[in-house]
Visitor: 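Please find one structure pasted underneath; my questions will follow.
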Amino acid sequence: MYATRALKAMAGATDMSTSAVANTDQYRVNIVHRPKANFAIAHPGNTELHYIIEGSGTVTTGGKIVRKPGAAASTATIEGGESHKVTKGDIVIVPAGSAHMYSEVAASGITYLEVRFVAPK
């Protein structure tokens, strides 16, 4: 029920949008909608699980984040990572500190449940 309301609220967004499900000191659960590809990011200390709810795209993980000197962070890409096509029902695990990005996104966008947490060693 909550996911349906969140998806309707995000419909038509022209940039990334999120809807919090539950956020604490130990974890963050959000529904994320990306209407377009994003730049490379990493989250030190937090592992992420993405469960694709709608849409499809290509997720690139691992490797090294590369920024051109003087360029904005929003232009960062990944060098040496692995790319995988994902679609509804797929799950992506991003280990803590790993580079990741949705390098391609379907025309309709991609929506996923994101669970970010501190994973025990």
Side-chain angles (χ1 to χ4, degrees):
M1 179 74 102
Y2 178 83
T4 303
R5 285 193 308 260
L7 293 173
K8 286 180 183 177
M10 291 182 206
T14 58
D15 206 357
M16 182 188 90
S17 57
T18 64
S19 181
V21 175
N23 293 314
T24 73
D25 296 6
Q26 299 300 308
Y27 60 84
R28 298 180 60 82
V29 181
N30 297 297
I31 295 175
V32 179
H33 175 72
R34 293 186 180 278
K36 57 188 175 188
N38 70 304
F39 55 91
I41 54 177
H43 308 289
N46 295 115
T47 294
E48 287 188 11
L49 177 144
H50 295 184
Y51 173 75
I52 311 302
I53 298 170
E54 289 185 350
S56 63
T58 301
V59 65
T60 302
T61 59
K64 177 182 170 186
I65 295 178
V66 178
R67 291 182 179 89
K68 294 180 182 175
S74 61
T75 61
T77 60
I78 294 177
E79 181 179 277
E82 290 187 21
S83 295
H84 299 276
K85 299 277 187 197
V86 292
T87 190
K88 184 177 181 176
D90 288 343
I91 295 174
V92 177
I93 301 288
V94 181
S98 294
H100 58 288
M101 67 187 289
Y102 283 86
S103 53
E104 296 176 2
V105 172
S108 61
I110 190 165
T111 304
Y112 54 92
L113 177 70
E114 173 191 74
V115 181
R116 188 181 301 176
F117 57 94
V118 176
K121 293 185 181 205

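As the structure is a computational prediction, the values presented were derived from the model and not from experiment.
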Visitor: Pick from Val94, Val86, Ile52: which one makes a side chain to side chain contact (heavy atoms under 4.5 Å, CB included) with Val59?
Guide: Val86
Visitor: Check whether Ile31 and Val115 end up in the same hydrophobic cluster, where Ile, Leu, Val, Met, Phe, Trp and Tyr are linked by side-chain heavy atoms less than 4.5 Å apart.
Guide: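 The answer is yes; both residues are in one hydrophobic cluster.
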Visitor: Do side-chain atoms of Asn46 reach the backbone of His43 as a donor and acceptor pair under 3.5 angstrom?
Guide: no
Visitor: Side-chain contact, heavy-atom cut-off 4.5 Å: Thr47 with Ile93?
Guide: yes
Visitor: At what distance, to the nearest 0.5 angstrom, does OG1 of Thr77 lie from NZ of Lys64?
Guide: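 Atom-to-atom, Thr77:OG1 and Lys64:NZ are 10.5 Å apart.
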Visitor: Are His100 and Thr61 close enough that a side-chain donor and a side-chain acceptor fall under 3.5 Å?
Guide: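 On atom types as modelled, these side chains do not qualify, holding no pair under 3.5 Å.
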Visitor: Working to the nearest 0.5 angstrom, can you tell me the gap between Glu54 CD and Thr87 OG1?
Guide: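 Nearest 0.5 Å value for the CD-OG1 distance: 10.5 Å.
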Visitor: Tell me, do Ile53 and Leu113 make a side-chain contact under 4.5 Å, heavy atoms counted?
Guide: yes
Visitor: Are the side chains of Glu114 and Tyr51 in touch, meaning some heavy atoms are under 4.5 Å apart?
Guide: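 No, their side chains stay 4.5 Å or more apart.
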Visitor: OG1/Thr60 to NE2/His84 distance, rounded to the nearest 0.5 angstrom?
Guide: 8.5 Å
Visitor: What's the separation between atom OG1 in Thr18 and atom OH in Tyr112, rounded to the nearest 0.5 Å?
Guide: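 So the OG1 of Thr18 and the OH of Tyr112 are separated by 9.5 Å.
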Visitor: Measuring centre to centre across the rings, with the benzene-like ring taken for any Trp, is Phe39 within less than 6.0 Å of Tyr102?
Guide: no
Visitor: Under 4.0 Å between a Lys/Arg side-chain N and an Asp/Glu carboxylate O for Arg116 and Glu48?
Guide: yes
Visitor: Mind checking whether Val66 and Ile78 have side chains closer than 4.5 Å, heavy atoms only?
Guide: no
Visitor: Distance-only criterion, 3.5 Å: show the donor-acceptor pairs between side-chain atoms of residues 20-30 and protein atoms not counting sequence neighbours.
Guide:
from  : atom 1 : to    : atom 2 : distance (Å)
Asn23 : OD1    : Val29 : N      : 3.2
Thr24 : OG1    : Gln26 : N      : 3.0
Thr24 : OG1    : Tyr27 : N      : 3.2

Visitor: Checking Ser98 now: which residues fulfil side-chain hydrogen bond (donor to acceptor under 3.5 Å, both in side chains) with it, not counting sequence neighbours?
Guide: none
Visitor: Is any side-chain heavy atom of Val32 closer than 4.5 Å to one of Met16?
Guide: yes
Visitor: Checking side-chain polar atoms at under 3.5 Å, does Thr58 have a donor or acceptor matched by the opposite partner on Ser103?
Guide: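 No, no side-chain donor-acceptor contact under 3.5 Å.
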Visitor: Could you name each residue pair satisfying salt bridge (Lys or Arg N to Asp or Glu O under 4.0 Å) that touches residues 96-113, not counting sequence neighbours?
Guide: Lys85-Glu104
